[in-house]
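Here is the structure we will look at.
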Amino acid sequence: MPCRICGQSTRTVLDLGEMPPANGLKEAKEDPDVVHPLVLENCESCKNIQLRDCLDAAQLYRHYLYLTPESPTLSKHYEDLTAHLYREGYVSADSRVLEIGSNVGHFLKYLQPGVKKVMGIDPAENVCRIAEDHGVETLPEFFGLDAVEPVRERLGDPSIIVARHCCAHNENPHSILEGVAALLPDDGYFVMENAYVLDTLKQTDFGQIYHEHMFYFAIQPVMRLFEAHDLKLIDVVMSPIHGGSIVFIASPNRSADQERPSVAHYLGEETKALDRALIEGFAEHVRTIARDLTQQVNGLVDEGASIWAYGATAKAATLLNYVGITDQLVPYCADSTPIKHGKFIPMANVEIRPEQEAFAAKPDYFLITAWNYKDELIAKAKHFAGPECRFIIPVPEVRII
Ligand code: DWN
């Protein structure tokens with residue numbers, strides 16, 4: 001498949017086999033599993049990493065089961081990001097803020113008190129209704145050129161457009177960027193946050209690979225993507241959220257004094273680090289984790305231990321299914337999201353239950369399948385289920401706490 005950023009040829013990095021869509025939770029264990037190839041490929045020309053086979057976005061996102069959780073880790077991230085946006089002058093009391101892929105509106109809720117107006121746009125109709133109930137006006141649509149006028153009618157001209165963890169979720173990110181370029185005034189800003197590929201590779205965070213993540217963004221291909229729409233990358237912020245994320249800030253204003261030193265700094269680091277050895281080492285390490293985790297979990301179950309997964313994440317589907325852990329070894333997964341309860345992680349057939357039920361069951365081990373929230377999940381489980389609880393952490397290497 002040619003690179004969907006620059007059009008050059010790509011090579012396969014890792015083939016995870018046939019996998020179900022990660023958020024395609026099943027109503028019943030007996031429901032058939034629908035699977036599609038999950039193959040990661042790399043363009044050595046622009047350094048883009050992408051999925052070879054992309055699923056239809058409407059199929060993935062029109063009804064969506066991922067609702068942004070309540071989490072101190074996430075709240076801290078919102079505070080840090082908001083503080084940066086104000087400090088650097090990207091947001092002020094006069095700002096009109098559009099968020100693309102705004103989910104239940106948590107981030108906009110943060111910004112709402114300090115700016116003129118906020119508005120979200122998200123393709124999942126069920127999620128938009130929740131956001132509206134929270135007081136965040138949200139248009140139930142995909143963002144692109146077609147959405148420009150409907151947004152303008154409701155919000156006016158946005159001075160800043162935010163897109164957190166959604167631009168890599170689309171086979172053709174150019175379609176989003178076209179809409180951004182059409183809507184943003186010359187003195188406006190575009191803020192795009194994604195899992196950062198260097199962190200994904202260095203942490204062997206292969207749970208990030210699932211059909212929703214069609215790109216694994218690095219600075220170099222993103223600069224090309226922005227340039228194609230006359231946007232200039234002017235700032236880069238790194239964050240530990242979701243196992244290591246990057247925030248790209250771009251502007252149509254191309255004057256040289258806009259660019260912060262962060263761009264050259266992180267671009268320099270990335271250029272040195274993102275090479276074939278890192279990518280091939282990652283693929284090798286994924287196989288090591290799969291082997292170690294299967295051995296560890298099988299060994300514990302053979303000794304009579306009970307294990308629940310914790311966090312019915314999209315990453316859980318990739319981890320469990322690639323490693324080959326099913327309900328035979330791990331029958332249940334604890335999760336705080338009510339609409340996931342009673343459903344089953346596809347293929348692995350692990351049933352999702354409320355957290356309090358897990359704490360009452362007091363399993364011997366929790367397999368932490370939301371390792372991006374590891375510290376707060378461990379603290380919660382110890383508090384409610386008892387200090388003797390033990391935890392299996394799958395990445396960056398398998399270990400027991
Ligand atoms: O990019 C994406 C990221 C940002 O969010 C999407 N494609 C889908 C989703 O991925 P994920 O499912 O891997 O996301 P999270 O945020 O790691 O999911 C956390 C899960 O853990 C949620 O289902 C809620 C649950 N949870 C919990 O049960 N107790 C979370 C916390 C903080 C808790 O205390």
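No experiment lies behind these values; they were computed from the predicted model shown. In listed order, ligands and their atoms are each counted from 1.
Against a heavy-atom cut-off of under 4.0 Å, E355 is close to the following atoms of ligand 1: 27 (C), 28 (O), 29 (N), 33 (C), 34 (O). Remark: ligand 1 atoms within the under-4.0 Å shell around heavy atoms of H169 are 1 (O), 2 (C), 6 (C), 7 (N). Listed by atom number, the atoms of ligand 1 under 4.0 Å from S71 heavy atoms are 32 (C). The S336 neighbourhood of ligand 1 comprises atoms 24 (C), 25 (C), 26 (N), 27 (C), 28 (O), 29 (N), with distances under 4.0 Å to a heavy atom of that residue.
In terms of polar-atom proximity, defined here as any N/O pair under 3.5 Å, H165 makes no such contact with ligand 1. Polar contact check, P69 against ligand 1: no nitrogen or oxygen pair lies under 3.5 Å apart. Note: no N/O pair closer than 3.5 Å links N23 and ligand 1 by distance alone. Considering backbone and side-chain N/O atoms, Y310 never comes within less than 3.5 Å of an N/O atom of ligand 1.
Counting only heavy atoms of the protein, atom 25 (C) of ligand 1 lies nearest to D335 OD2, 3.1 Å. What sits closest to atom 33 (C) of ligand 1 on the protein, heavy atoms only, is L377 CD2, 3.4 Å. Looking from atom 4 (C) of ligand 1 to the surrounding protein, the closest heavy atom is H242 NE2, 3.6 Å. The protein non-hydrogen atom at the shortest distance from atom 12 (O) of ligand 1 is A314 N, 2.8 Å. In terms of protein heavy-atom proximity, atom 2 (C) of ligand 1 is nearest to Y210 OH, 3.6 Å. Of the protein's non-hydrogen atoms, Y66 CE1, 3.4 Å is the one closest to atom 14 (O) of ligand 1.
Across every non-hydrogen atom of P394 and L293, the tightest pair is CB-CD2, 4.2 Å. The heavy-atom pair separating Y373 from P69 by the smallest distance is OH-CG, 4.0 Å.
The 12-atom threshold is exceeded at OH of Y90, counting heavy atoms of other residues, nucleotides or ligands nearer than 6.0 Å.
Considering H213, E212, H211 only, the shortest heavy-atom separation from atom 1 (O) of ligand 1 involves H213. Here atom 34 (O) of ligand 1 lies nearest to K380 when heavy atoms of K380, E193, E70, E376 are compared.
In summary, the side chains of H106 and T68 do not present any donor paired with an acceptor at a separation below 3.5 Å, with no hydrogens or angles considered. Between the side chains of Q208 and T200, no donor-acceptor pair of N or O atoms lies under 3.5 Å.
Aromatic rings from H213 and Y210 are positioned such that their centres are separated by under 6.0 Å.
Looking at K315 against ligand 1, both its backbone and its side chain come within 4.0 Å, counting heavy atoms. For T337, every heavy-atom contact with ligand 1 shorter than 4.0 Å involves the side chain, none the backbone. Contact annotation for T313 and ligand 1: heavy atoms of both the backbone and the side chain come within less than 4.0 Å of the ligand.
For the pair L278/L198, a side-chain contact is recorded, criterion being any heavy-atom separation below 4.5 Å from C-beta on. A heavy-atom distance below 4.5 Å is not found between the side chains of Y310 and I378. Proximity of I209 to V286: side-chain heavy atoms (C-beta onward) are nowhere separated by under 4.5 Å. Taking 4.5 Å as the limit, some side-chain heavy atom of P37 sits within range of a side-chain heavy atom of E18.
A side-chain donor-acceptor contact under 3.5 Å links E132 to the backbone of T138. Without hydrogens or angle criteria, N23 side chain to Y64 main chain gives no donor-acceptor distance under 3.5 Å.
Remark: distances from the non-hydrogen atoms of Y64 to ligand 1 include one below 4.0 Å. The shortest heavy-atom distance from R164 to ligand 1 is not under 4.0 Å. For the pair Q208 and ligand 1, no heavy-atom separation below 4.0 Å is found.
The residue from D327, D33, D31 that alone fulfils the salt bridge (Lys or Arg N to Asp or Glu O under 4.0 Å) condition with K26 is D33.
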